[in-house]
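These notes are about the structure you will find just below.
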Amino acid sequence: LGLLLAFMAGEVVAGLLAGSLALLADAGHMLTDAAALAGALVASRIAGRRARGIWTFGFGRVEILAAQANGISLLLVAAWIVYAAVRRLIAPPEVHGLVVVAVACAGIAVNLAATASLLRANRASLNVRGAYIHVANDLAAVVGTAIAGGLVLATGWARFDPIAGLLVAALMLRSSWSLLRESGRIFLE
């Protein structure tokens, strides 16, 4: 969680300096990753409490609620990315491809470390699986960002950057739908 937050802050600064929506989109995705991990940790702790008082059914659904919150956060950030990407496709700003590639490569290392730490977790829990999906999607997104940065660097065509942002949004929407569908089914039992 600390690693993701620290890298996210650096990615926001680099994204603003490089004029890269792909980096800013990935930072937004990383923010939802950090929130997902924090929520998963808190929800796991609360879900482990014994049933007591008026809470005779226990706290197990807190993890499902956290998974649903993760799905909603992915949906909202994806909507913002789509809006910003369309604006940048229409009027693309200058993008510094070298900065995008360098930061994305560092992001790949950070996401590999985060994904490896979550591989040891119990993904039978929808809550933990939701956190894992966030981080695994961010790994795919940062690889796409690196490719887009390389293409901008090689060709000078700045529209590769918002196209990468749209691909990140598509990954986020797919994951959001999965989490919302599964958590919604559990809540409707």
Side-chain angles (χ1 to χ4, degrees), residues 1-37 70-71 73-121 123 129-179:
L1 179 60
L3 185 63
L4 289 177
L5 286 172
F7 186 75
M8 181 207 63
E11 199 169 35
V12 167
V13 171
L16 291 172
L17 292 174
S20 171
L21 177 64
L23 282 179
L24 291 173
D26 190 57
H29 192 193
M30 224 174 230
L31 177 63
T32 62
D33 291 346
L37 288 175
N70 287 340
S73 69
L74 279 169
L75 181 67
L76 293 174
V77 173
W80 174 80
I81 292 169
V82 168
Y83 170 75
V86 169
R87 290 187 65 197
R88 286 177 178 241
L89 282 170
I90 293 168
E94 182 182 347
V95 177
H96 301 285
L98 186 58
V99 174
V100 174
V101 170
V103 173
C105 287
I108 290 169
V110 167
N111 278 287
L112 282 173
T115 302
S117 71
L118 284 171
L119 279 174
R120 294 185 296 264
R123 286 190 310 278
R129 195 166 49 124
Y132 177 78
I133 287 171
H134 266 275
V135 175
N137 275 338
D138 198 50
L139 177 59
V142 78
V143 167
T145 300
I147 292 168
L151 290 171
V152 169
L153 192 59
T155 65
W157 197 56
R159 285 186 172 94
F160 281 120
D161 186 69
I163 290 170
L166 287 171
L167 293 175
V168 170
L171 283 172
M172 293 170 77
L173 289 170
R174 187 176 136 258
S175 298
S176 172
W177 172 250
S178 172
L179 286 172

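Small disclaimer: the values here were computed from a predicted structure and weren't measured.
For the residue pair A14 and V99, the shortest heavy atom distance occurs at O-CG1, 4.0 Å. The minimum heavy-atom distance linking P93 with R88 is given by the pair CG-NH1, 3.4 Å. Of all heavy-atom pairs between A141 and L171, the closest is N-CD1, 4.1 Å. Scanning both residues, P162 and L89, for their nearest heavy atoms gives CG-CD2, 3.8 Å. Minimum heavy-atom separation, V95 to S20: CG1-CB, 4.3 Å. In plain terms, the two heavy atoms of A164 and A22 that are nearest each other are CB-CB, 4.0 Å.
In this structure, CZ in F160 is found 12.0 Å from CG in L153, a value given to the nearest 0.5 Å. The CD atom of E11 sits 10.0 Å away from atom CG of L4, with the distance rounded to the nearest 0.5 Å. We find the CG-CG distance between L37 and N70 to be 8.5 Å, quoted to the nearest 0.5 Å. Of the inter-residue distances, the one linking I147 atom CD1 with L167 atom CG reads 9.5 Å to the nearest 0.5 angstrom.
Between L173 and L74 the shortest side-chain heavy-atom distance does not fall below 4.5 Å. Taking 4.5 Å as the limit, every side-chain heavy atom of I81 sits out of range of all side-chain heavy atoms of L166. For the pair V152/V100, no side-chain contact is recorded, criterion being any heavy-atom separation below 4.5 Å from C-beta on.
V103 pairs in a side-chain contact (heavy atoms from CB on, under 4.5 Å) with only one of the listed residues (T145, L17, L23), which is L23. Shown are D138, L139, V142, L3; of these, the side-chain contact (heavy atoms from CB on, under 4.5 Å) with V110 is made only by L3.
Counting non-hydrogen atoms of neighbouring residues, nucleotides and ligands closer than 6.0 angstrom, the CH2 atom of W157 exceeds 12 such neighbours.
Panel note: side chain S176, backbone M172; no donor-acceptor pair is recorded below 3.5 Å.
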